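Working notes, structure below.
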Amino acid sequence: MTDETLPQRPEAFRAYVRAWMAEHYAQFQRDWPGRIDPVSLHYRRAWEDTLCRHGWSGLGWPPEYGGKALPLSHQAIYLEELARSGAPLGVNLIGHGIFAPTLLHFGSPAQKERYLPGILRNEAIWCQGYSEPGAGSDLAAVTSRARKTDSGYVLDGHKIWTSFANLADYCFALVRTDPNSQRHRGLSFLLVDMRQPGVRVEPIRQLTGEAEFCEVFFEQVNVPSDCLLGQEGDGWRMAMAAASFERGTYFIPRLVQFESELGRVRELIESVAHGLSPISLQNYRQRWAALFADSMVLQLKSRRALLAAMNGDPPGPEGSSTKVHWSEAHQRMLDLALELLGLNLCAPAMQMQAEAAFFAHASLWSRAETILAGTSEIQRNIIGEKVLGLAKG
Amino acid sequence: MQHTDDDLLLDPIRRFLAEQCPLTTLRGALPTDKSLAAGASGGALGPAPGSASLPSGNIAADDTSCDDPIFTRLWSQLCDLGWPRLLVGEAHGGIGLGMPQAVKVMELAGSALLPLPLGTWMNTNAFLSKQAAHSPISEWLDRCMHDGRLAGFAIRSGENRLFVPYCRPDSQILTLSYAQGKVWARVAEGVAGGPGIDPFIHNGWLEAPAWQMQDDFACDKVSWDAFELRSRMLVAAELLGVATRALDIASAYARERQQFGRPIGSFQAIKHRLAQDWIDLDNARLLLTQAAASMEPANTGLAQAGYELPDQQARSVDAPAAPALGTETPDGVAQGAKGVAGAAYIAETTLVAILAEHAIQLAASAAVRNALQVHGAMGMTWECDVHFYLKRAHFLCAMMNHRHTEADRLQQVWQLSEGRMAI
């Protein structure tokens, strides 16, 4: 892909991306040396590297940093078509989706020059150091502490649930720089090199058996002063802003996936229909239909969020509503799939193996979706407080 | 506190499960946990050794064989203690436990995540000893129990397909079916299965089995139906136990875990979620208790109707050729006045059993999911116990639903409750 070849009109752009993905993902699969395992981080990274090598990164960045300055509408089309191709998500999602826009917004020119090229080429993987053992839903309870020195900071702390930390070259960490501060004040954003003494990463085994998120320990880690992002003490505001940069696009790949899985669930219903009583079949179809309605509404919500982001409207509580709706509807859908699989969940018969493996994994993993990035409880609090003006609990 | 007969029965069982079947012991049988203990925690890339490589077709987090001897040892201990014979009547050398106590035993088994088919053998031992004492099949089963050998069993799923839960390559498999006024018993060689969504339980399919033994005996439809209903209640009871323990674990966590300067259980979003689960599980237990009580002949019109099993009429039926798997006679032989009483008994018991199944499944499904949610990200870890309860609930729900879905149950409730509403 070269910049000149990118069509301007949305429909033409979509057709171009679709054709490109179809061709190149098929090629990538053909060229893959081992067994194709879309869950494997090796595989996901290799595909992400391929995308970046062909210029599918920095789509929204300004040209001076190697970006394409595509409007948000085109970025959304890209993400949608990427997901439609059936290719898995990459491993530098945090780098491309959250950190890069945050850096472009808050970083110094020197910081942008230093960090953006690595993300553009997918050579530098980023992770996000937010949660701690004592600061999950209550993120403002962060206790990781950066002590000021002549040359910068010495960082001590313990982060947890850090996705991709086992691959990461860098971490942007929310830490307390003012030892006397409380809650949201006195927090800062540090850009920490993960490949240095004092940084220890321990993968956490998930209930699915994989280890995708990690614990990160910082022990006397030196962080130079030019690795402070923005102003000291401004960390909380930047963390909130960082979360908002994705608001127009975060759900796009997830909703494409939702729709594709919903199609598979429909096929599952049809494939087991002959063994069901008429009333069971009807019940399953009705539950499927309700999920179809969920899918439709979710897409409308996603589009509304995209339009708001394109207008530059301040982020509102719509993200909380979509998060709750998507995660809970997804769990309902996967519960339905598991019911349809029945005993195949316990010992899959030959023709059911692929579907049983896929849905069992998806269902177990989906339990995380009402927890990560703000639990359903926190999201409902946000809606209650910000929309309805209810008192804080 | 006053000690009841139930305490005398249940306390030793509770103690045995706590001592011999703690989750740490069960975990010790899993390759995933072994590799964690060995310090090989995942590595930089990809799933941990012995863990999910899902697109290749494995659904379990442990795809290597969970052949730890603890399962056979545990079963052998249970046989020594006589648990699988708890429901066998005193006349047949058992202790004649009733269903009301049996469901409590299975609740405890569920709470402990006992990965063994205790409920099935409690019920099957009682059934065979009563219906076909000294028959070849009864003697086969007695030998299994006496030797402490784990026997498997198969359940029909769809046409000509037999699903074998809790299977082991060296465990012979019993399958019972009912047709033409008879119970048809067959024994097949064991099959090697694999763990499904529950890593502790291996399951398989019995394809084109070579029968090592075949036996049949006369049995009236009412007795057979009662046998099946009891089986269903024991599985439901086990699920209730699983969910109840999950709620306990979640409540303990919500009392301890602090966020925003106080225990998370003080937040209504958490507190109400758990309180609702308690209400629903308690409701479900009431229905289960009622269903179990209704299965005691003394509590039904059955005893008064002079009901006894099996009757001579069923016995006199000419022995037909063994029916093909999957055939089933719609209704047993005509049984006169006793048959009418029996049918009424089954209808009544079925109704309350279905209500119990329905309530337990809804309440338990919610409770195990909520237990995970309340643990937050911690609940997503292998290290935290709560996922084992979710996975066991998936397994037991699949076992419960293989013949009836939730919609079927509600439909049956609609039909069986006809004429019961006072105007």
Side-chain angles (χ1 to χ4, degrees), chain A residues 35-42 131 134-138 141 160-161 166-167 202-211 213 275-277 279-280 282-284 331 335 338-339 341-343 345-349 353-354 356-358 360-361 363-364 367-368 370-372 375-377 380-381 393, chain B residues 32 36 41-48 51-59 61-62 157-158 161 163-165 193-194 196-198 201 203-205 258-260 264 267-270 365 369 372-373 376-377 379-383 387 390-391 394-395 397-399 401-402 405-408 411:
Chain A
R35 187 173 61 81
I36 289 175
D37 178 3
V39 178
S40 122
L41 297 179
H42 276 305
S131 292
S137 285
D138 185 10
I160 195 167
W161 320 124
N166 46 351
L167 305 180
E202 292 193 2
I204 300 169
R205 177 75 47 84
Q206 292 154 211
L207 53 72
T208 50
E210 303 134 348
F213 45 60
L276 293 172
S277 65
I279 202 152
S280 299
Q282 189 185 16
N283 173 262
Y284 287 137
Q331 291 178 348
D335 281 340
L338 261 49
E339 248 185 84
L341 284 161
L343 290 173
L345 207 56
C346 307
Q353 265 180 10
F358 174 81
H361 180 265
S363 168
L364 289 175
R367 304 320 305 181
T370 48
I371 296 166
L372 54 79
T375 63
S376 288
E377 288 82 355
R380 287 192 166 91
N381 278 347
Chain B
T32 299
L36 265 186
S41 56
L45 286 171
S51 75
S53 305
L54 298 147
S56 66
N58 294 309
I59 53 178
D62 277 281
S157 169
R161 298 183 67 213
F163 176 79
V164 189
I197 195 154
D198 184 325
I201 297 175
N203 310 292
W205 295 92
Q258 303 259 335
Q259 283 287 268
F260 304 100
I264 59 169
F267 296 106
Q268 289 186 347
I270 304 286
S365 298
R369 285 163 174 76
L372 203 143
Q373 178 74 16
M380 286 300 293
T381 64
W382 187 270
E383 182 190 351
H387 67 102
L390 173 69
K391 290 168 178 175
H394 277 308
F395 168 76
C397 284
M399 293 278 285
N401 289 346
H402 81 282
T405 68
E406 187 192 350
D408 292 329
Q411 175 73 2

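Below, chain A is the first sequence line, B the second, and so on; all start at residue 1. Just so it is clear, the structure is predicted and the values come from calculations on it, not from any experiment.
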Most contact-rich option vs chain B, by heavy-atom pairs under 4.5 angstrom, among A:Asp138, A:Thr375, A:Ile279, is A:Asp138
Donor-acceptor pair, side chain of B:Lys391 and main chain of A:Leu364, under 3.5 angstrom: no
Can you measure from CH2 (B:Trp382) to CD1 (A:Ile204) and round to the nearest 0.5 angstrom? 15.0 Å
Would you check, one step at a time, whether the test side-chain contact (heavy atoms from CB on, under 4.5 Å) holds for B:Thr405 with A:Tyr284? CA-CA 10 Å; B:Thr405 68; A:Tyr284 287 137; 3.4 Å; yes
Report the residues that fulfil ring pair (Phe, Tyr, Trp, His ring centres under 6.0 Å) with B:Phe163, sequence neighbours left out, ordered by chain and then residue number. B:Trp205
What distance separates A:Leu343 CG from B:Arg161 CZ, expressed to the nearest 0.5 Å? 8.5 Å
Cut-off 4.5 Å, heavy atoms of chain A, and the answer for B:Leu390 is side chain
Pairwise side-chain contact, A:Arg205 with B:Glu383, heavy-atom cut-off 4.5 Å (strictly under): no
Minimal non-hydrogen separation, B:Met380 against A:Phe213, with atom names: CB-CZ, 4.2 Å
What distance do B:Ser365 atom OG and A:Asp335 atom CG have between them, rounded to the nearest 0.5 Å? 7.5 Å
What part of A:Ala368 is in contact with chain B, defined as an atom under 4.5 angstrom from a non-hydrogen atom: side chain, backbone, both or neither? both
Quick check against the 3.5 Å criterion: does A:Asn283 have a side-chain atom that pairs as donor or acceptor with the backbone of B:Ala407? no
Taking B:Gln259 for the side chain and A:Gly134 for the main chain, is one N or O donor matched with an acceptor at less than 3.5 Å? yes
Side chain, backbone, both or neither: which part of B:Asn401 has a non-hydrogen atom closer than 4.5 Å to chain A? side chain
If you tally heavy-atom pairs under 4.5 Å against chain A, which of B:Ile264, B:Asp408, B:Val164, B:Leu372 wins? B:Asp408
In Å and rounded to the nearest 0.5 Å, what is the NE2 to OG distance from B:His394 to A:Ser363? 4.5 Å
If you draw a 6.0 Å radius around CD in B:Gln258, do more than 12 non-hydrogen atoms from other residues or ligands fall strictly inside? yes
Ranked by heavy-atom pairs below 4.5 Å to chain A, first place among B:Ala377, B:Ala269, B:Ala398, B:Gly376 goes to B:Ala377
Strictly by modelled atom types, are A:Ser277 and B:Gln411 linked by a side-chain donor-acceptor pair under 3.5 Å? no
If you compare all heavy atoms of A:Leu207 against all heavy atoms of B:Gly379, which two are closest, and at what distance to 0.1 Å? CD2-O, 3.6 Å
Tell me if a side-chain donor or acceptor on A:Glu377 pairs with a main-chain N or O of B:Ile270 at a distance below 3.5 Å. no
